[in-house]
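In what follows, a structure is listed as structure tokens, so that the remarks can point back to it.
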Amino acid sequence: MVAEYAWTVPGLVVVALMLVWAVHDGGYDADTWYWGALVVLGLLATVVVARGWRSIRLPRAAIVALVAFALYVAWSYLSISWAASPGDALTGSNRALLYLLVFATMLLLPWSARGALIALLTFAVGIGVVAIVLMVRLASADHVAALVIGRRLAAPTGYFNATAALFMIGALTAIALAARRELPGPLRGALIGFASAGLQLAVIVQSRGWLFTLPLVLIAAVVLVPDRLRVAAAAVLPAAATLAVVHRLLHVYDASTAAGLNQASSQAGHAALRLCLIAFIAGTLIAWAESLLPFSRLSSLRRRVLGSVAVLLAAGAALAGGLAVSHGHPISFISRQWHGFSHQATVHSGSHFTDVGSGRYDFWRVALDAFVAHPVGGLGQDNFDNYYVTRRQTGEEPSWTHSLELRLLAHTGLVGTVLFAVFLIAGLAAALRTRRRGQLAAAAAVALLPLIVWLIYGSVDWFWEFPALSGPALGFLGLAVSLGAGPPVAVGSSEPAAATAQPAAATAEPAAAMAEPADTPPADPRGLRIAAGALGALALLAAAIVLGFPYLSVRETSIASDLRQSDPAQALHALRVAADLNPLSADPARLAGTIALTDQGYAIARQRFAQAISRDPGGWYAWFGAGLAASALGDRAQARRDFRAAAAINPREPVIALALADLNAKHPLAADRALGLLSSV
């Protein structure tokens, strides 16, 4: 028992990181996820050393998944060689390495059903607490403007759709765990309350992607879990609690003033909290009374029938929700939405759910164009933004494709897409080996729910870039695969625990069968183990280097950003160090050029922007900044060349045209005019 819990500790540290990322803008910022990657790297090294190579036994599908993911990450690093912005490709590759480390760490831990349940409960309760805290802040009108942006809930991830996905993952996980009869009644009631809060907050977000993918997510979840009837029953209270207060939740979007937003948020928060409390009490009472219900006496045939009924009910609920949203006219509603989607026509209504208009059609068009133009290797990891800005038909400048599938195709081409697809297919196949193994099957099914949301909802949005979403999806996939790998081992043991508990009769072998031919001695695997250990150590060292130096660069850049107003000279020094620590990234030089220009150090600004251009020639901002510096120095000819280069990259940017117009007035840009143009970017 002690050994079992000891192996759970590294997994709980990974889960704790997921929760830290969740409350820190989804872990999107590099200075948040980089140190997390180093922590997970240390955990992985500790797990491998503690278990030993001989004790790690994985099914073939799990090995295929791990190798395919590792090859995808290696291909991502290789894409730096052909990427237009190598610094962005390095950052994207390091983020992919983070996800590989999370998956591998959770995979190599010898999870038991009890340990997996503890990890999943920790995650569900953690997200539930975040949801309740947010609801309390809304109810008390505590800095609502920092939580609700554009009348939609953005906190805690800072991006509306990522927030909806986070709370949807938390709610689904909590509901599935609340259906577990072995859990204490108050804990099951709390999970029901947390799920209610998550669903209610997802409604306040008003994400159309969440709404339109919700039927598919629910149907996939119900099909996946082994005890569909119990999970569907556990979902009734959260769904009812959300529907009972939905008018209050939607009213937040109607607020047009700060005072109105505070009032609407307070009313929605108070009403939602009351319903969460009712759901908690009712869920606890039902859990305590469940021993009187005849679920355990149902035959397997009746369970399958009722499970199928649960699937049909989920599909019916999704259909009813679609009819409600479309006011009974689903065909015309879908037609109107498609027209707005394909023509980027923005039409606002009383709810963001029914608004028409999106730039995704153009994002996806350019992403497919990128794949056709670079079918084998893609543009290079995280190199979509510069490619899009020269081909856009919208006023937006997205960094991401807003689709997982198109992200793979555009960034890493057919090779990267196939490798990642092999990883997912093999991982799911290995995880589903537990389907007939009782508690292991139930735990593995719950662990796969974050992946379901991430895959389906992420097909129409950009969730890869949020470790708070990708971490649970891929990390808990590793946990599910580990559950299918076999029984856990004891700490310090080189063999599975079950292997030492075989009956004596089963281990007795005839002497003749045990005899080995004298002329064919077994090969000594010691040399192979030493070579594998050395290779693993080199891989861990390489990962530490490739993550460590960019992280130090990011930290120096963050320090410079904090000092840019109070001590520009020290900020510029920190950015020189940052540029040296990561010779591929243009970010330190861009920020240094901006700070120098603001501080009227035009020669320094020119040098720093030139460095940024050399590292990322496809970024229009560095060309624009270089033009401002040249103009302030009186070099009108160079300024014109720089501005024209910026305009060639981003012809729709109005400040470039303004800068060129000022130059055509036959005098250098005044310093205050240059700073005004820079600040408007």
Side-chain angles (χ1 to χ4, degrees), residues 3-18 36-74 96-116 118-120 423-424 426-431 433-434 440 443-444 447-448 451 470-499 529 532-544 547:
E4 179 181 334
Y5 288 132
W7 283 118
T8 305
V9 171
L12 291 178
V13 175
V14 176
V15 173
L17 276 174
M18 297 175 188
L38 291 169
V39 170
V40 180
L41 178 63
L43 287 174
L44 178 60
T46 301
V47 169
V48 171
V49 171
R51 289 199 64 180
W53 289 107
R54 294 182 62 189
S55 68
I56 298 176
R57 290 180 172 84
L58 298 174
R60 184 174 301 173
I63 296 174
V64 170
L66 184 60
V67 170
F69 201 171
L71 289 175
Y72 170 78
V73 174
L97 176 60
L98 162 64
Y99 300 150
L100 172 62
L101 294 174
V102 170
F103 172 78
T105 301
M106 300 293 272
L107 169 67
L108 296 182
L109 286 170
W111 292 98
S112 64
R114 186 183 294 107
I118 292 172
L120 291 166
F423 154 68
L424 284 177
L428 286 170
R433 285 172 47 128
T434 63
L440 289 178
L448 291 176
L451 182 68
S470 298
L474 301 175
F476 286 135
L477 171 62
L479 182 150
V481 173
S482 178
L483 288 174
V489 301
V491 175
S493 172
S494 61
E495 298 295 337
R529 291 200 304 271
L535 184 61
L538 287 175
L540 291 173
L541 178 61
L547 289 172

Minimum heavy-atom separation for [X] to [Y], with atom names?
X	Y	answer
A96	Y72	CB-CE2, 4.3 Å
S482	M106	CB-O, 3.8 Å
A430	A61	CB-CB, 3.8 Å
A65	G427	CB-N, 3.6 Å
A116	L479	CB-CD2, 3.6 Å
G11	L109	N-CD1, 3.4 Å

Side chain to side chain contact (heavy atoms under 4.5 Å, CB included) between F103 and F69, worked out: CA-CA 9 Å; F103 172 78; F69 201 171; 4.1 Å; yes
Criterion side chain to side chain contact (heavy atoms under 4.5 Å, CB included) on V13 and V40, from CA distance to verdict: CA-CA 8 Å; V13 175; V40 180; over 6 Å; no
For side chain to side chain contact (heavy atoms under 4.5 Å, CB included), just list the numbers for F476 and L120, CA-CA rounded to whole Å, side-chain angles, deciding distance to a tenth of an Å, and then say yes or no. CA-CA 8 Å; F476 286 135; L120 291 166; 3.9 Å; yes
For [X], the option from [options] that meets side-chain contact (heavy atoms from CB on, under 4.5 Å):
X	options	result
L101	L41, V39, V73, L38	L41
V481	L428, L66, L107, L58	L107
F423	V64, V67, L477	L477

Got a second to check how far [X]'s [atom1] is from [Y]'s [atom2], nearest 0.5 Å?
X	Y	atom1	atom2	answer
S112	L440	OG	CG	8.0 Å
L451	L474	CG	CG	7.0 Å
L44	T105	CG	OG1	4.0 Å

N/O donor-acceptor pair under 3.5 Å between T8 side chain and G115 backbone: no
Is there a donor-acceptor pair under 3.5 Å between the side chain of W111 and the backbone N or O of G478?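 Side chain of W111 to backbone of G478, a donor-acceptor pair under 3.5 Å: no, none is there.
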Before you tell me yes or no, could you show the steps for T46 and L43 under side chain to side chain contact (heavy atoms under 4.5 Å, CB included), namely the whole-Å CA-CA distance, both residues' side-chain angles and the distance that decides it to 0.1 Å? CA-CA 5 Å; T46 301; L43 287 174; 5.6 Å; no
